[in-house]
Student: 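What follows is a single structure, and I will ask about it in a moment.
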Amino acid sequence: MTLEQILFLVFALIGLGLALASVTMRNLVRSAFALIGCLFAVAALFAMLDASLFVVAQVAVYVGAIATLIVLVVMLTRLEQQERIPQTHRYWPAAALLAAVIVAGVAWGLWQYGFFDQTPPALPAADPIVELGRALVDPEKFLIPFEAVSVLLLSALIGAVLVAGGANKKERTE
Amino acid sequence: MFHVLRIPRDLKVPRDDGRIFLLYRLSPDRIPRCGVIPFDFSPHNCYHTGHFLLEKSIMISDWGFIGIFFFLAIFFPIVPILTGVLLGPHKPGAVKNETYECGIRTRGPARIQFRASYYLYALVFLIFDIEAVFLFPWAVAHGQFPLYAAVEGVLFLFLIGAGLAYVWRKGSLSWR
Amino acid sequence: MGDLFTTVSNWLNGILAEAGIPPEAAEWIFAVGRAFLLGVSGLLLVVFLIWFERKVVARMQDRIGPNRVGPYGLFQTLADMLKLVLKEDMVPPQADKILFHLAPVLAVIGVVGLWAVIPLAATAYGVDLNVGVLYLAATGTLGTLGILMAGWSSRNKFALLGAFRTVAQLVSYSVPAMLAMLVPVMLSGTMSLAGIVAAQDGFWFGVAAPLAALVFLIASLAEVARAPFELLEAESEIVAGFHVEYSGIRFGMFFAAEFLHAFTIGALLAVLFLGGWRGPGAAEFPTLGALYFAAKSFAGYFLLVWVRATLPRIRIDQMLDFCWKVLTPAMIVLIGALVLVNRALAGTSMWVRNGALLGVNVLVAAGVISLLSRSQSQSHAGAHGRAPGKGAQPCALAGMGDEAEAAS
């Protein structure tokens, strides 16, 4: 095995282990931090692919913003109650079966595609960040999605305010 | 990762067929250098600074160096802490172990609930964070396009700004 | 010769090649050695920074400062470190052990990690990432996580309060900080820090966009959580905030991380807005460039110390209002105007373009100040029925706006 393969296995195992831990742990804050660790392992995998923008976006957005939000929400809830309720409900065998079928389907599909033994294409000589930036503003490429993202973010912002605004009012009347 | 070399000012690097050059051939004083010049040698990945040339190495990638750096950085705090654990005395006591709240005995659970306002600020931040990740590639590339590319980015920015104005108008940015 | 770094690295390369070490192994040795040197020198710098800050603050408060241990008290910090290492290592039994141990480690990594990409001179830096600026933003989140972890795992109300304030503050101020970092990226057309320094040939971005530099400084000040933004460890309100249960060298790690972070802000200000290692003769002699860079970084750090010794702490509502209602809208308007002006004047000479950018900065700053003073007079008119603290709030904001005017 080359060093890269070993590192890939290490990061993949860390990521999977922490993902499992974040699902099974009883302590919600700990499981949120396990999720953060898992996101970091994914960032490390991106780094091994030299996908620079993905690495920083993964850490800045997922770890920095989304995971912080999750930790915050978990801290805002009443923790001590959560540690006593059961972690599964009675439909879990059906859910497990469904999950297994989906994983098998995805694995089969990937296998059929057959890119496991292909070498990846060489990266273009130009800076991929510049290429991405050009693609974002090029009307023939991703201009519409780029602007649509801003509308999406705008609606997310408004939605967040409406939802949280209701929560705030309720809190004050209590 | 960059390798630092001293090479002539008027150096022309052939970039015909992707051959890899050993660096000591280029060096005037024939000292062997470890390193290679990649064939996609261009002003883009090198900066002429006087008669020095910085050139990208292909053995350890940029993120490989970051990985090494973080691996070492883990030990920077761990070594002093372990030293402290080994050298310091260890005499716990009932009073010493109490939660430190200025000498007043602590009451109730420590993990109390907080107001939901904190949550709202984190949400607005999340939106701006995602926006920034899109804006940075645009900021890099907008100069290579006509004016409309710049206008598109500004439109993107102002739409988010409108969202901020809405949140502000709703009074959600006021601390209470 | 002129360049110390190249000479040393060539010399070492020669030694390694003579000894028959294959180039791949030599490159690994170089990478590890460079990473080690960068990190260790960063942490050793803290010893000097603490002495520097204590001395400067003492002078500003008409005291002498540390003066007993070593010449001019230089070894005072070493003695303090020794004391911290020899202190009892206390872990509160009620704490969440794993997260409690992890928090100081994360806090240090989040700061030391920044130095992997900062160009110290034309030929001396760890690595030149093509997403360098975003890397800075991403690595900064590690520190936030460390503080959040410390606050929650301590099982102490004050620590948790400090952690919550952290989220509100660090998370809020990283928005104007990122928007301010967008300006150098936009003007240089690259996210690599070495590229940004290389692009400041002739004109520093801090001269072309002083308002962006000022916003970056204020927002970074909040991200380091130093006065006037040290709400998360406000001694008089919440004891020591998130690290109240930490003692000995564990506390020392948070302390060292904070000081190194403050200096790093000075270094980033130098790289992004003050031309990094650029100066007369620096392109020919990179060693000289390293000196320029150090001087600029220390100037930025001195500014931070000065602010700390001068301004009182602000309240949490003032802190949040100033971020979301002053800095962020101002940066959005500024970026929009800067991009359009910069793009419209792309073909003109350097002087015309930078002069126009400077004009845009002055206009935006003037607009912000006039809006602030108007809202101040309005709230003064309506402030009689309200608490005095509420009425005083726009005054503090207008005061900061005045500084913007003075700096630009």
Side-chain angles (χ1 to χ4, degrees), chain A residues 7 29 44 46-53 55-57 60-61 64-66 68-69 72-73 75-80 122 124-139 143 146-147 149-158 160-165 167-168 170-172, chain B residues 38-42 44-45 61-64 66-67 70 109 111 113-134 136-145 148-153 155-160 162-164 166-167 170-173 176:
Chain A
L7 280 177
V29 173
F46 282 141
M48 290 180 61
L49 294 172
D50 253 343
S52 296
L53 194 70
V55 182
V56 286
V61 174
I66 295 178
T68 310
L69 198 66
L72 200 67
V73 170
M75 285 182 182
L76 284 170
T77 55
R78 292 217 168 79
L79 279 166
E80 319 298 332
D127 192 338
I129 306 294
V130 179
E131 292 294 306
L132 177 68
R134 291 159 74 92
L136 282 182
V137 291
D138 195 337
L143 174 60
F146 177 62
E147 295 297 333
V149 162
S150 75
V151 178
L152 182 72
L153 290 177
L154 180 66
S155 53
L157 198 54
I158 292 172
V161 168
L162 287 179
V163 172
N168 263 2
K170 218 180 287 170
E171 191 186 72
R172 267 182 296 156
Chain B
F39 63 90
D40 59 342
F41 198 75
S42 70
H44 194 80
N45 57 11
S61 70
D62 289 352
W63 288 101
I66 300 278
F70 271 77
R111 276 140 198 189
Q113 262 189 299
F114 283 95
R115 49 175 109 200
S117 312
Y118 286 109
Y119 170 73
L120 197 72
Y121 285 103
L123 256 178
V124 180
F125 158 71
L126 170 62
I127 304 291
F128 272 89
D129 208 28
I130 297 171
E131 175 230 338
V133 169
F134 280 97
F136 273 98
W138 162 77
V140 168
H142 82 278
Q144 306 174 5
F145 265 86
Y148 73 85
V151 177
E152 283 157 11
L155 201 66
F156 184 95
L157 190 64
F158 280 10
L159 268 171
I160 307 288
L164 183 70
Y166 175 81
V167 180
K170 276 275 168 183
S172 298
L173 289 180
R176 24 164 204 257

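Just so it is clear: chains get the letters A, B, ... in the order the sequence lines come, proteins before strands, and each one is counted from 1.
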Student: To the nearest 0.5 Å, tell me how far B:Phe136 CZ sits from A:Leu53 CG.
Tutor: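 The distance works out to 10.5 Å.
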Student: With a 4.5 angstrom heavy-atom cut-off, is it the side chain or the backbone of B:Tyr166 that approaches chain A, or both, or neither?
Tutor: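 Contact with chain A involves the side chain of B:Tyr166 alone.
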Student: Identify which of B:Leu159, B:Ile160, B:Leu155 forms the greatest number of heavy-atom pairs closer than 4.5 Å to chain A.
Tutor: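 Counting heavy-atom pairs under 4.5 Å, the top option is B:Leu159.
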Student: At a heavy-atom distance under 4.5 Å, which candidate from B:Ala150, B:Pro137, B:Gly153 has the highest pair count against chain A?
Tutor: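 Greatest number of close heavy-atom pairs with chain A: B:Pro137.
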Student: Write down the atom of B:Trp63, the atom of A:Ala47, and the distance for their closest heavy-atom approach.
Tutor: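 Looking at all heavy atoms of both residues, the shortest contact is CB-O, 3.7 Å.
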Student: Minimum heavy-atom separation for A:Ala160 and B:Leu123, please, with both atom names.
Tutor: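 Nearest heavy atoms, A:Ala160 then B:Leu123: CB-CD1, 3.4 Å.
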Student: Could you measure the distance from the CG atom of B:Asp129 to the CD1 atom of A:Ile66? Nearest 0.5 Å is fine.
Tutor: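 Nearest 0.5 Å value for the CG-CD1 distance: 9.0 Å.
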Student: Contact part of B:Ile66 toward chain A, heavy-atom cut-off under 4.5 Å: side chain, backbone, both or neither?
Tutor: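 No part of it gets close to chain A.
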Student: Run the numbers on A:Glu147 and B:Phe156 for side chain to side chain contact (heavy atoms under 4.5 Å, CB included), then give the verdict.
Tutor: CA-CA 6 Å; A:Glu147 295 297 333; B:Phe156 184 95; 4.3 Å; yes
Student: With a 4.5 Å limit on heavy-atom distance, are the side chains of A:Ser52 and B:Asp62 in contact?
Tutor: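 They are not in contact (no side-chain heavy atoms under 4.5 Å apart), so the answer is no.
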Student: Looking only at non-hydrogen atoms, find the nearest pair between B:Ala141 and A:Gly133 and report the distance.
Tutor: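 Minimum heavy-atom contact is CB-C, 3.4 Å.
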Student: Quick check on B:Val124 against chain A: is it the side chain, the backbone, both or neither that has a heavy atom closer than 4.5 Å?
Tutor: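 When you check distances to chain A, atoms from both the backbone and side chain of B:Val124 fall under 4.5 Å.
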Student: Return the CD1 to OG distance between B:Ile127 and A:Ser155, rounded to the nearest 0.5 Å.
Tutor: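 Here the interatomic distance stands at 8.0 Å.
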Student: With side chains defined as the heavy atoms from C-beta onward, is the minimum distance between A:Val149 and B:Phe134 less than 4.5 Å?
Tutor: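 They are in contact (side-chain heavy atoms under 4.5 Å apart), so the answer is yes.
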Student: Output the option from A:Thr68, A:Leu153, A:Val55 having the highest count of non-hydrogen pairs under 4.5 Å with chain B.
Tutor: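 Maximum pair count with chain B is reached by A:Leu153.
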Student: If you look at every heavy atom in A:Gly64 and B:Phe125, which pair is closest and at what distance?
Tutor: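 Between these two residues, the closest heavy atoms are O-CE2, 3.7 Å.
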Student: Of all of A:Leu154, A:Val137, A:Leu143, which one pairs up most often with chain B through heavy atoms under 4.5 Å apart?
Tutor: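 With the most close heavy-atom pairs to chain B, the winner is A:Val137.
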Student: Less than 4.5 Å to any heavy atom of chain A: does that hold for the side chain of B:Tyr148, its backbone, both, or neither?
Tutor: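 The answer is the side chain of B:Tyr148.
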